[in-house]
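Each residue takes its place number in the sequence, starting with 1. Note that the structure is a prediction, hence the values are computed from the model and not measured.
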Amino acid sequence: MSGTSGYAFDNTSEHAGGRFDALETCYDPVTFARLTELGVGPGMRCLELGGGGGSVAGWLADRVGPTGSVLVTDIEPRWMDGLPERGNLHVLRHDISTDELPEDEFDLIHARLVLLHVPERMAALGRLVRALRPGGSLVLDEFDCGYVPVLASPWPGAAELFEKMHDAVMGVVTRAGADIRWGLHAYAALRGAGLVGVASSTYAESWRGGSPGSRLHQINMRQLESRLVEEGLTEEQLDRCLHLLDDPAFAVNSYPLITTWGRHP
């Protein structure tokens with residue numbers, strides 16, 4: 001996440017690395033497949049915005065090869081320190097909510113779960129569009145956090161407990177400036193920004209207790225614990241919910257990942 005001061009999930013926190021690992025496990029195969037379908041290949045100049053742990057940036061660098069280049073940015077780039085050195089991959093500390101980008105520079109810009117959290121997302125989107133070369137593509141992977149139905153509940157009241165916890169988490173991130181349904185809004189936003197050939201695709205799966213997806217919920221809870229108590233949850237409820245998310249008899253729908261893309265005319 002190339003974040004802002006209002007970002008609820010502080011990338012300098014000890015929890016950030018676990019969050020990046022969970023997201024990479026759950027969604028890297030989806031992202032890689034979509035970028036492959038969109039024609040990422042040798043010689044392309046790419047920007048990976050909000051690089052997190054760097055898995056997508058490393059994959060892009062391998063795809064574009066020595067004749068291409070990848071610039072990967074993040075507000076806290078230290079989580080990418082473990083990336084293997086590549087001559088075509090460059091890391092930059094950058095905040096898309098305030099910092100400019102070079103214009104007419106990139107054949108591909110990709111961001112996963114970035115603009116969702118940026119309060120100034122429309123200004124940020126304008127920067128991204130201006131950074132595209134003519135014919136270049138912008139690809140956004142964003143959540144619709146409003147659709148997370150419980151699919152299996154191991155004991156009476158478990159679903160209601162998860163929903164109460166999730167509503168509290170969404171309240172915290174919304175007050176920090178997030179649009180928790182930005183995945184649904186990105187299509188119209190890309191068209192409004194002047195891109196052509198705009199299209200989208202949605203991916204979702206089941207997350208059982210103990211899975212990487214359930215661990216993502218646990219990490220979010222642990223990082224926001226004090227704020228969730230302020231939202232009205234008790235320590236006992238939080239503890240029960242953490243244990244619920246370890247129970248393989250529990251299952252919840254993943255956040256739908258809505259990939260939206262468009263091309264600079």
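- Counting heavy atoms from C-beta on, the side chains of Leu195 and Leu132 come closer than 4.5 Å.
- Between Val40 and Asp107, the closest side-chain pair of non-hydrogen atoms is not below 4.5 Å.
- Note on Leu89: it clusters hydrophobically with Val64, by side-chain heavy-atom contacts below 4.5 Å among ILVMFWY residues.
- Looking at Arg93, its side chain never comes within 3.5 Å of a backbone N or O of Asp74 through a donor-acceptor pair.
- Taken to the nearest 0.5 Å, the OG1 atom of Thr31 stands 4.5 Å off from the NE2 atom of His110.
- The two residues Gly135 and Arg263 make their nearest non-hydrogen contact at O-CG, 3.3 Å.
- Here CG of Leu242 is found 11.0 Å from CD1 of Ile219. Values are rounded to the nearest 0.5 Å.
- With contacts defined as side-chain heavy-atom distances shorter than 4.5 Å, the pair Ile109/Val129 does not qualify.
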Next item on the list: Verify side chain to side chain contact (heavy atoms under 4.5 Å, CB included) between Leu190 and Leu125, making sure each step is shown before the conclusion.
Entry: CA-CA 8 Å; Leu190 265 60; Leu125 177 61; 4.0 Å; yes
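- Trp155 places a side-chain heavy atom less than 4.5 Å from the side chain of Leu161.
- No donor-acceptor pair under 3.5 Å is formed between the side chain of Thr260 and the backbone N or O of Leu140.
- Here the side chains of Leu38 and Ser137 are not in contact, with every heavy-atom distance at 4.5 Å or above.
- In terms of the side chain to side chain contact (heavy atoms under 4.5 Å, CB included) criterion, residue partners of Thr202 (sequence neighbours excluded) are, by chain and number, Pro256, Ile258.
- Note: Phe162 and His166 have parallel aromatic rings, judged against thresholds of 30 and 60 degrees for the angle between ring planes.
- Among all heavy-atom pairs drawn from Pro66 and Asn88, the shortest one is N-ND2, 4.3 Å.
- Distance check, rounded to the nearest 0.5 Å: OG of Ser153 to CZ of Phe250 gives 7.0 Å.
- Residue Arg34 places its CZ atom among more than 12 non-hydrogen atoms of other residues, nucleotides or ligands, all under 6.0 Å distant.
- If you chain together hydrophobic residues whose side chains sit under 4.5 Å apart, Leu138 and Tyr187 fall into the same group.
- In this structure, Asp239 contributes its side chain and Glu235 its backbone to no donor-acceptor pair below 3.5 Å.
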Next item on the list: Please test Asp28 against Val56 for side chain to side chain contact (heavy atoms under 4.5 Å, CB included), starting from the C-alpha separation and ending with a verdict.
Entry: CA-CA 7 Å; Asp28 272 4; Val56 177; 3.8 Å; yes
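- Remark: Glu105 engages Arg45, Pro102 in a side chain to side chain contact (heavy atoms under 4.5 Å, CB included) (not counting sequence neighbours).
- Leu224 is connected to Val229 through a chain of hydrophobic side-chain contacts under 4.5 Å among Ile, Leu, Val, Met, Phe, Trp and Tyr, so both are in one cluster.
- Residues Leu116 and Val173 form no side-chain contact, since every pair of their non-hydrogen atoms from C-beta on lies 4.5 Å or further apart.
- Between the CG atom of Leu238 and the CD atom of Gln218 there is a distance of 12.0 Å, given to the nearest 0.5 Å.
- Among all heavy-atom pairs drawn from Glu120 and Ser97, the shortest one is OE1-CB, 3.3 Å.
- The side-chain heavy atoms of Leu35 and Trp59, taken from C-beta on, include a pair separated by under 4.5 Å.
- Side chain of Arg121 to main chain of Leu115: a donor-acceptor pair is present (N/O by atom type, distance under 3.5 Å, no hydrogens or angles).
- Pairs engaging residues 46-72 under the salt bridge (Lys or Arg N to Asp or Glu O under 4.0 Å) rule: Asp62-Arg86 [sequence neighbours left out].
- A heavy-atom distance below 4.5 Å is found between the side chains of Leu245 and Met221.
- Put simply, the side chain of Glu76 gets close to the backbone of Arg78: a donor and an acceptor are under 3.5 Å apart.
- A search for ring-ring contact (aromatic ring centres under 6.0 Å, His included) contacts involving Tyr203 returns nothing, not counting sequence neighbours.
- Of all the heavy atoms in Ser55 and Glu24, the pair that sits closest is OG-CG, 3.1 Å.
- Under the salt bridge (Lys or Arg N to Asp or Glu O under 4.0 Å) criterion, Arg181 pairs with Asp144, not counting sequence neighbours.
- Here the CD1 atom belonging to Ile75 is positioned 11.0 Å from the CD1 atom belonging to Ile96, to the nearest 0.5 angstrom.
- Linking ILVMFWY side-chain heavy atoms closer than 4.5 Å, directly or via other members, places Tyr27 and Leu60 in two distinct hydrophobic clusters.
- By the criterion of side-chain heavy atoms lying less than 4.5 angstrom apart, applied directly or through intervening Ile, Leu, Val, Met, Phe, Trp or Tyr residues, Ile180 is grouped together with Leu257 in one hydrophobic cluster.
- The only member of Arg133, Arg130, Arg127 that meets salt bridge (Lys or Arg N to Asp or Glu O under 4.0 Å) when paired with Glu103 is Arg130.
- Taking every heavy atom of both residues into account, Asp247 and Ala249 meet most closely at OD1-N, 2.8 Å.
- A ring-centre distance under 6.0 Å is found for His217 and Tyr255.
- Going from atom CE of Met122 over to atom CG of Asp179 covers 10.5 Å, rounded to the nearest 0.5 Å.
- Evaluation of the ring-ring contact (aromatic ring centres under 6.0 Å, His included) rule for Tyr147 yields no partner, not counting sequence neighbours.
- With hydrogens and angles ignored, the 3.5 Å screen pairs a side-chain donor or acceptor of Thr67 with a backbone N or O of Gly43.
- The heavy-atom pair separating Ala57 from Val70 by the smallest distance is O-CG1, 4.1 Å.
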